[in-house]
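For reference, the structure discussed in these notes is given below.
All chains are named by letter (A, B, ...) in the order of the sequence lines, taking the proteins before the strands, and each is independently numbered beginning at 1.
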Number of protein chains: 4
Amino acid sequence: MQSDTKPRWERRKDARPQELLAAALDLFVDRGYAATRLEDVARRAGVSKGTLYLYFENKEELFKAVVRENIVDVIGKAESDIAAASGASCSELLRTMLHKWWSEVGSTRASGLAKLIMAEAGNFPEIAAFYNDEVIERGNGLIASIVRRGVESGEFAPVDADVMTRVLTAPVLMLMLWSHSFFPCDTGGMDPEAYMAAFLGLVERGIRAPAPVAPT
Amino acid sequence: MQSDTKPRWERRKDARPQELLAAALDLFVDRGYAATRLEDVARRAGVSKGTLYLYFENKEELFKAVVRENIVDVIGKAESDIAAASGASCSELLRTMLHKWWSEVGSTRASGLAKLIMAEAGNFPEIAAFYNDEVIERGNGLIASIVRRGVESGEFAPVDADVMTRVLTAPVLMLMLWSHSFFPCDTGGMDPEAYMAAFLGLVERGIRAPAPVAPT
Amino acid sequence: MQSDTKPRWERRKDARPQELLAAALDLFVDRGYAATRLEDVARRAGVSKGTLYLYFENKEELFKAVVRENIVDVIGKAESDIAAASGASCSELLRTMLHKWWSEVGSTRASGLAKLIMAEAGNFPEIAAFYNDEVIERGNGLIASIVRRGVESGEFAPVDADVMTRVLTAPVLMLMLWSHSFFPCDTGGMDPEAYMAAFLGLVERGIRAPAPVAPT
Amino acid sequence: MQSDTKPRWERRKDARPQELLAAALDLFVDRGYAATRLEDVARRAGVSKGTLYLYFENKEELFKAVVRENIVDVIGKAESDIAAASGASCSELLRTMLHKWWSEVGSTRASGLAKLIMAEAGNFPEIAAFYNDEVIERGNGLIASIVRRGVESGEFAPVDADVMTRVLTAPVLMLMLWSHSFFPCDTGGMDPEAYMAAFLGLVERGIRAPAPVAPT
DNA sequence: AATGAATGAGGATTCATTCAT
DNA sequence: CATGAATGAATCCTCATTCAT
């Protein structure tokens, strides 16, 4: 009675969506949205094509789910963190956020999703809108709010927060693009760490308000 | 029955290639490589599908021709310029080159080609190799040679030329990506000029070697 | 709304390959390789274009499968038979093999494949190589081995086995060509049986070693 | 006045059709009817595609012209010869005709046309009909008339003339097929002369009426 | 006469999605 | 729930034929 009963936790169907999302992330990142075949996603997750459709309405919904799982959630967490960390210096906070962004998204497979969006948003307006609302707006808002706070407190030079947000995020975005299959044989000597260090050095020296000239 | 009958088509041998390249540039930039249909390119150029094949062997060759026409030629010109401008200060030269790059490629439709490559190189190795050889290698080499010269002459801090090249080019690349169909509704408040100004400011203050401390 | 609604399609996984091979044989034989459209093959098998590709990778593989199914297998069987029939007279064996060839391939639709190869091998080198290796070489080897054995045993006149093989097979080949769509309205009065009889008569009288002159 | 006039015999337009026919023969023979591109024919003849259409209405008419030029004319000549050679022995005449057929058509590039017809007649009924009327019927009629005469005169065994015609012509046809690109690497050791010799030997011994048994 | 640019119908192949089992 | 067979629209490319020059 015992032995021939299937163990009830074997391949719980609850695990399926996660397996599919993981497979989809890999393939979307490697090949892009249009070039990813759902059959490959299914196969990689160890199920059949039809099964995928039991969990996700279609390719688009699958993609959105992947983005939610890998990016949107991270942003949500960061938003809470910022709200909480009202005491820290903005410079410090900025460095922390940029680094966290890098470590929790940029340096993971998920960073490939940014590349994908940049590449294909034009062909898939629905997806573009979704990503814009759920990721871009919220992510940029996060950084901009810190910059704005720093400018107001006099810690930063009086820059335009929105422009500076893009200046600051650009290199991390670039690095994300580079990290994931920019193309096969490129990024030869590029070391992400070295890049981030060089970048943060520039920021350190470049954004800070000039120290008030000491009176002679 | 008269001479005013519209002919079914016109012979425009000399103009065709340019018209086709222009149409192809537009569509490749808007839709990417895979999603661009040759029939649409033809139609936009005012000819039929078949005609396109009279001038370009296939999709890949058409794309290469577009890249040559819009990017490779510019790089060639820049190479000559650099060789000639051996007298200028490296800082000056660097700013000039980055700006020229922006004005002659980045701010034109051609910048969309960079986005395209980033997006789809992984799916089209042949094209990736071509672009890498003809654009990336030569373009980076250009910047790196200036940095290297500046470091050697003591004008710049002793940075790694290859890493710094990527640091320097990243924002322009980013801007190129942003400028063209990042996605339809994005780049809202982004003003390229403001971005370039902020960026070049950073560079100015960040890369220069610290002025030797004046002896007391 | 009831159970009598015709389903849009039926699942017939096991039967499909055979149905497709049969349809393909018919069309390849009637129209040749290049002129056969896969959509027609599919339709004749009662499925859609896409379904064909579930079972055969492409046109070439479909064709190879047709040849394997209809010719290669028969040759394999004949090879075994010959090996087994070491006791029979070579003349007898030869007649048996030629006749079997005729009855199991020549007189069936499969004979059209020989015509097809003759016609189009030059344009499809891959297919030519396949057919040469799997059919021609093995088929000719079969006949040649019998002739050689007959010459060695003195039963046959001392002919060159390879040349004689072609002499012997030529008429059967011809007949195969004639039987199948040589062209629509030809072969008017030609009766294959009459032809084979005439041919075998020639062989009988022509190949046999002259009876030793009886001593006076 | 003299020197700058173009020599009037340079590339007389009268030569064009011949050049086109020669080019067409080559290509039809090498690639078959459907696979021969008129542009290639034109190029090989040293003219442009359009020019070809000045001399031949379309592909089909071009092909018919090639057949007329290379086969029909030969048959016409043979018909006259036979009518004239009423005195010869039928055996002799038969051998002569078969050999002439071989030497004037079979061993020339024109033999490829037979292959082409066999292969593609089914797809081009118009062409099939033309070839049947102009070549097959008249050619077979030629041989059959000789056989018939031989049977009537008692020189030959009492065979069915039409069947025997096909038996006799088959090997020559075969040889024609073999000679022209049967396929690339085949016909390895096959020497047409050896084949013809073996064949004529068979005929010699096989068709002749048994010598009347000498009265004891 | 000659040219060759232009046309457009036609066929192989791919893949998101549906649905019979 | 799960499967995977079946569908068919979509896209690249070819080539006989036409016709502006």
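Closest of all the heavy-atom pairs between Pro17(C) and Tyr55(C) is CG-CD2, 3.8 Å. Phe124(C) and Ala34(C) make their closest contact through CZ-CB, 3.9 Å (heavy atoms, listed as atom of the first residue, atom of the second, distance). Taking all atoms of both residues into account, the shortest heavy-atom contact from Tyr131(B) to Ala114(B) is OH-CA, 3.8 Å. The minimum heavy-atom distance between Leu52(D) and Leu38(D), with the atom names listed, is CD1-O, 3.8 Å.
In this structure, the CD atom of Glu61(D) is 15 Å from the C1' atom of dT17(F), given to the nearest Å. Remark: P of dT14(E) and CZ of Arg31(A) are 14 Å apart, rounded to the nearest angstrom. Look at CD on Glu39(B): it is 15 Å from P on dT14(F), rounded to the nearest Å. Atom P of nucleotide dA2(E) and atom CD of Glu19(D) are separated by 10 Å, given to the nearest angstrom. Atom CZ of Phe124(C) and atom P of dG11(E) are 14 Å apart (whole Å). Regarding Phe63(D), its CZ atom lies at a distance of 17 Å from the C1' atom of dA16(F), rounded to whole Å. Remark: P of dA16(E) and CZ of Arg43(A) are 12 Å apart, rounded to the nearest angstrom. Summarising the geometry, the separation between CD on Glu57(A) and P on dA16(E) is reported as 16 Å, rounded to the nearest angstrom.
In this structure, the side chain of Asn58(A) engages the main chain of Glu61(A) through a donor-acceptor pair within 3.5 Å. Side-chain atoms of Lys115(B) come within 3.5 Å of backbone N or O of Val29(B) as a donor-acceptor pair. Under the 3.5 Å distance criterion, the side-chain polar atoms of Tyr33(C) are left unmatched by any main-chain donor or acceptor of Ala119(C).
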* Under 4.0 Å protein heavy-atom contact, by nucleotide of nucleotides 4-10 of chain E - B base, S sugar-phosphate only -> BBBBBBB
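For Tyr53(B), counting side-chain heavy atoms from C-beta on, the closest listed nucleotide (dC13(F), dT17(E), dT13(E)) is dC13(F).
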* Asked: Using Watson-Crick and G-U wobble pairs whose two distances are both under 3.5 Å, how do you write the pairing of DNA chain F as dot-bracket, with | for links to another strand?
  -> .||||||||||||||||||||
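Between Phe28(C) and Phe63(C), the two ring planes are perpendicular [angle over 60°; tilted spans 30° to 60°].
The nearest heavy atom of DNA chain F to Asn58(D) and to Lys59(B) marks one nucleotide each, and the one closer to the 5' end goes with Lys59(B).
Rounding to the nearest 0.5 angstrom, the gap separating the CG atom in Asp30(C) from the OG1 atom in Thr36(C) is 8.0 Å.
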